[in-house]
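What follows is one structure encoded as structure tokens, with my remarks underneath.
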Amino acid sequence: MSDSISEGLPWAPITNQPDDVRGLSDSERDKLIIAAIRVDRQWVILSCYGDDTWQLDGLPSNVPSNKRQINFGIIPLPFRAVMKAILYRYMRRGRISAVRPKGATIRLLFDFALPFLQHLEKRRVERLGAVTPMIAATYVAACKAHGHARSRKPLAIGTLRGRFFAVEALYELSHYTGDQMQHPWPDTTAQEMAG
């Protein structure tokens, strides 16, 4: 988390930030404000793009602190930079034909995308641009074959849907990064594959 506190920081720097990080230098990109709050007429920056952990706002006060943040340290290393770019774009603009997401929705995308990125790492895929429909099909099969650790029951349809929607979101949002993914399942949708 950033320790930066600025007395005169207006909200304008956040609203005037670019919608994606393409074309920014590393130093410009890392200074982008992710979350800030106003405390006693002063703006306190909670997190910046360059931080390993981003604080989320827009969550109810009863949400535990670990659910109010995104820890990029758990993302497989080859995908950390692109996931930051994807989540930044998602936070700024949302998806096509959808409203801008709030904190809980951002956290859900992160949580549902993580198993896919871990799947790619196990298969030695190191870029989203290398994901083919065949690789995506192996992920779908693995999700459907996966059982809960305790009950051994298959994943619920809602969980499958969330995971597959996250892959579609990664596909869409990756087009605002330097690592564009091809459509994971060109002839169907996440909804249909989840059942």
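Taking the six-membered ring for Trp and thresholds of 30 and 60 degrees, Trp54 and Tyr88 have ring planes more than 60 degrees apart, a perpendicular arrangement. His119 and Phe116 have parallel rings, their planes meeting at less than 30° on a 0 to 90° scale where 60° marks the start of perpendicular.
Linking Ile, Leu, Val, Met, Phe, Trp and Tyr whenever their side-chain heavy atoms come within less than 4.5 Å puts Leu59 and Ile106 in one cluster. A continuous path of hydrophobic side-chain contacts links Leu160 to Leu109 [ILVMFWY only; heavy atoms under 4.5 Å]. Connection of Trp185 to Ile157 is not established within any shared hydrophobic cluster, with ILVMFWY side chains joined at heavy-atom distances below 4.5 Å, either directly or through further cluster members. No continuous path of ILVMFWY side-chain contacts below 4.5 Å connects Leu117 to Leu108, so the two sit in separate hydrophobic clusters.
Under a 3.5 Å cut-off, the side chain of Arg89 and the backbone N or O of His175 do not form any donor-acceptor pair.
Side-chain contact check for Tyr176 versus Arg22: some heavy-atom pair is nearer than 4.5 Å. Between Pro154 and Lys144 there is no side-chain heavy-atom pair separated by less than 4.5 Å. You'll find the side chain of Pro76 reaches within 4.5 Å of the side chain of Leu114, heavy atoms only. Side chains of Ile74 and Phe110 form a contact here, defined as non-hydrogen atoms less than 4.5 Å apart.
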Quiz item: Can you list the steps and then say if Leu77 with Arg80 is a side-chain contact (heavy atoms from CB on, under 4.5 Å)?
Solution: CA-CA 5 Å; Leu77 189 57; Arg80 285 184 194 164; 3.5 Å; yes
Exercise. Verify side chain to side chain donor-acceptor pair (under 3.5 Å) between Arg68 and Gln55, making sure each step is shown before the conclusion.
Key: CA-CA 6 Å; Arg68 296 174 163 279; Gln55 301 300 315; over 6 Å; no
Exercise. Decide side-chain contact (heavy atoms from CB on, under 4.5 Å) for Ile135 and Val125; before the verdict, give the C-alpha distance in whole Å, the side-chain angles of both, and the deciding distance to 0.1 Å.
Key: CA-CA 9 Å; Ile135 292 170; Val125 176; 3.8 Å; yes
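Minimum heavy-atom separation, Tyr139 to Val167: CE2-CG2, 3.8 Å.
Of the options Ile86, Val82, Val131, a side-chain contact (heavy atoms from CB on, under 4.5 Å) to Leu170 is made by Ile86 and by none of the others.
Open room surrounds CZ on Arg93; 12 or fewer heavy atoms of other groups in view lie less than 6.0 Å from it.
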